[in-house]
Amino acid sequence: MSEQKGRFITLEGGEGVGKTTNINFITAQLDAAAIPWVKTREPGGTPFAEAVRNLLLASDTDAPSHLTELLLMFAGRADHLDKVIRPALAKGIWVICDRFTDASYAYQGGGRGQSETQLALLEKLVHSDLQPDLTLLLDMPVEAASLRVDNRGQQRDRFEQEQLDFFQRVRDAYLQRAHQHPLRFRLVDASLNLEAVKTQVGEYLKPLIDEALATRSSV
Ligand SMILES: Nc1ncnc2c1ncn2[C@@H]1O[C@H](COP(=O)(O)OP(=O)(O)OP(=O)(O)O)[C@@H](O)[C@H]1O
Ligand SMILES: [Mg+2]
């Protein structure tokens with residue numbers, strides 16, 4: 001089988017930075033290039049992992065311990081990888097994922113203070129063989145992002161109810177991750193207007209699309 005593997009693209013960043021909005025822009029670009037894709041998210045992405053998501057985001061029950069939260073994130077992720085992400089990539093379908101393991105480093109690591117050693121152990125256990133091909137980190141000041149969440153008008157989930165210092169630690173941890181993995185990460189200035197953000201996202205996506213088109217035309 002010489003079929004080309006799909007590309008794995010993740011979008012990361014705090015609450016309200018524009019991940020979901022830009023995923024829709026990315027899938028439109030892929031459609032224009034006739035590249036097959038699946039859009040998915042974490043926590044979640046399978047019926048089982050969505051049930052875990054509901055447990056994790058619920059704000060009306062007692063909160064899990066920090067270690068329980070971390071383990072549940074990776075438990076859902078293992079299901080998601082087995083049933084959705086790996087099978088799609090093997091079939092040549094691109095996977096566009098709204099948050100992945102970098103979010104665990106940012107939220108459970110930076111936000112909750114779980115150790116990097118624990119995180120690295122779980123990452124190795126669950127997907128030692130697989131990393132995203134491209135991670136777009138949508139970065140902006142936490143106060144402005146929080147206003148966007150408010151303007152969206154939905155009720156805040158358990159994470160969205162955290163205080164600004166929590167989101168600042170999340171932002172710092174994301175930026176540290178980007179610094180540690182410069183080949184995979186691309187930093188997007190999410191504070192700009194949507195057109196300018198899309199332009200940046202499009203520029204970072206273009207090399208991958210061009211490569212796929214070149215491979216296709218050479219077959
Ligand atoms: N560049 C932008 N400028 C202004 N508003 C924006 C921009 N990008 C997105 N928005 C708006 O901000 C709000 C949050 O965007 P979106 O839902 O895409 O963020 P998100 O990162 O997916 O949030 P969450 O983490 O809560 O899922 C939406 O109302 C969206 O229309
Ligand atoms: Mg979203």
Side-chain angles (χ1 to χ4, degrees), residues 8-31 37-46 49-60 63 69-70 72-73 76-77 80 84-85 95-112 132 134-175 177-178 185-205:
F8 184 22
I9 299 172
T10 57
L11 275 90
E12 297 285 0
E15 321 293 319
V17 293
K19 297 179 296 299
T20 304
T21 308
N22 283 285
I23 282 183
N24 294 331
F25 170 68
I26 291 173
T27 56
Q29 301 292 107
L30 297 181
D31 278 341
W37 52 266
V38 59
K39 176 171 87 169
T40 187
R41 70 173 180 183
E42 290 210 346
T46 66
E50 288 287 330
V52 174
R53 177 191 179 93
N54 288 336
L55 274 177
L56 284 166
L57 299 194
S59 52
D60 54 354
E69 179 179 292
L70 175 64
L72 284 175
M73 288 288 179
R77 182 162 298 138
H80 191 205
V84 175
I85 298 176
V95 175
I96 319 302
C97 195
D98 193 331
R99 292 210 168 107
F100 191 60
T101 295
D102 297 307
S104 297
Y105 280 88
Y107 282 77
Q108 283 68 53
R112 304 273 192 236
L134 172 67
T135 298
L136 296 170
L137 174 56
L138 304 187
D139 178 64
M140 66 187 284
V142 294
E143 294 86 354
S146 183
L147 282 180
R148 284 190 191 168
V149 173
D150 287 339
N151 290 339
R152 201 173 42 188
Q154 292 162 2
Q155 208 196 337
R156 286 181 169 237
D157 66 36
R158 192 167 62 84
F159 288 96
E160 289 168 349
Q161 288 175 3
E162 288 290 345
Q163 303 300 310
L164 283 182
D165 64 327
F166 175 88
F167 295 122
Q168 190 58 54
R169 292 198 300 278
V170 168
R171 183 187 186 197
D172 292 345
Y174 265 134
L175 289 170
R177 262 326 257 165
F185 269 88
R186 292 290 176 270
L187 205 60
V188 175
D189 182 352
S191 68
L192 301 176
N193 68 52
L194 188 53
E195 279 316 302
V197 171
K198 282 182 184 171
T199 301
Q200 285 184 45
V201 168
E203 278 168 11
Y204 292 140
L205 190 63

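Just follow the structure's listing: the first ligand is 1, and inside any ligand the first atom is 1.
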**Asked** Strictly under 4.0 Å, does any heavy atom of V149 approach an atom of ligand 1?
**Response** no

**Message:** Considering both backbone and side-chain atoms of V197, is one of its nitrogen or oxygen atoms within less than 3.5 Å of a nitrogen or oxygen in ligand 1?
**Reply:** no

**Request:** Keeping waters out of it, list the protein N, O or S atoms under 2.8 Å from the Mg ion (ligand 2).
**Result:** T20 OG1

**Prompt:** Can you tell me if R41 uses its side chain to pair, donor with acceptor, with the backbone of F100 under 3.5 Å?
**Reply:** no

**Message:** Between E15 and R158, does any side-chain N to carboxylate O distance fall below 4.0 Å?
**Reply:** no

**Message:** If the contact criterion is a heavy-atom separation under 4.0 Å, does S191 count as touching ligand 1?
**Reply:** no

**Request:** For ligand 1, note which part of L138 has a heavy atom under 4.0 Å away: side chain, backbone, both or neither.
**Result:** neither

**Message:** Counting neighbours of CD on Q163 that are heavy atoms of other residues, nucleotides or ligands and sit closer than 6.0 Å, is the number greater than 12?
**Reply:** no

**Item:** Nitrogen or oxygen atoms of G18 and ligand 1 under 3.5 Å apart
**Value:** yes

**Test item: side-chain donor near acceptor, R156 and S146, under 3.5 Å** = yes

**Prompt:** Got the closest protein heavy atom to atom 1 (N) of ligand 1, with its distance?
**Reply:** L192 O, 2.9 Å

**Message:** Run the salt bridge (Lys or Arg N to Asp or Glu O under 4.0 Å) test against D165 and tell me which residues pass, sequence neighbours left out.
**Reply:** R169

**Request:** Please write down residue, atom name and distance for the protein heavy atom closest to atom 22 (O) of ligand 1.
**Result:** T20 OG1, 2.7 Å

**Protein contact to atom 16 (P) of ligand 1 [nearest heavy atom, distance to 0.1 Å]** = T21 OG1, 3.6 Å

**Request:** Just need the protein heavy atom nearest to atom 5 (N) of ligand 1, so name the residue and atom and give the distance.
**Result:** R148 NE, 3.6 Å

**Message:** Please check if the number of heavy atoms outside Q155 that lie under 6.0 Å from its CD is greater than 12.
**Reply:** no

**Request:** Give the intermediate values and the outcome of side-chain contact (heavy atoms from CB on, under 4.5 Å) for residues R152 and V149.
**Result:** CA-CA 5 Å; R152 201 173 42 188; V149 173; 3.9 Å; yes

**Prompt:** Where do L138 and K19 come nearest, in terms of heavy atoms and distance?
**Reply:** CD1-N, 3.6 Å

**Fill in**
closest protein heavy atom to atom 26 (O) of ligand 1 is R152 NH2, 2.9 Å

**C97 vs E42 side-chain heavy atoms within contact, under 4.5 Å** = yes

**Message:** Just to confirm my output: which protein heavy-atom neighbour is closest to atom 23 (O) of ligand 1, and how far is it?
**Reply:** G16 N, 3.0 Å

**Request:** State, with a plain yes or no, whether a side-chain heavy atom of L175 is found less than 4.5 Å away from one of L137.
**Result:** yes

**Proximal ligand 1 atoms for E15, defined as those under 4.0 Å from one of its heavy atoms** = 25 (O)

**Prompt:** Heavy atom of N151 under 4.0 Å from ligand 1?
**Reply:** no

**Message:** Taking the basic N atoms (NZ, or NE/NH1/NH2) and the acidic carboxylate oxygens, is any pair closer than 4.0 Å for E162 and R112?
**Reply:** yes

**Request:** Working to the nearest 0.5 Å, report the span between CG of L136 and CD1 of I26.
**Result:** 5.0 Å

**Item:** Aromatic plane relationship, Y107 with Y174 - under 30° parallel, 30 to 60° tilted, over 60° perpendicular
**Value:** perpendicular

**Item:** Atoms in ligand 1 flagged as close to R99, the criterion being non-hydrogen separation under 4.0 Å
**Value:** 25 (O)

**Asked** Taking only heavy atoms of E160, which atoms of ligand 1 are found under 4.0 Å from at least one of them?
**Response** 26 (O)

**Prompt:** Can you tell me the protein heavy atom closest to atom 20 (P) of ligand 1 and the distance?
**Reply:** K19 N, 3.5 Å

**Item:** Value rounded to 0.5 Å, distance of CG in L134 from OG1 in T10
**Value:** 7.0 Å

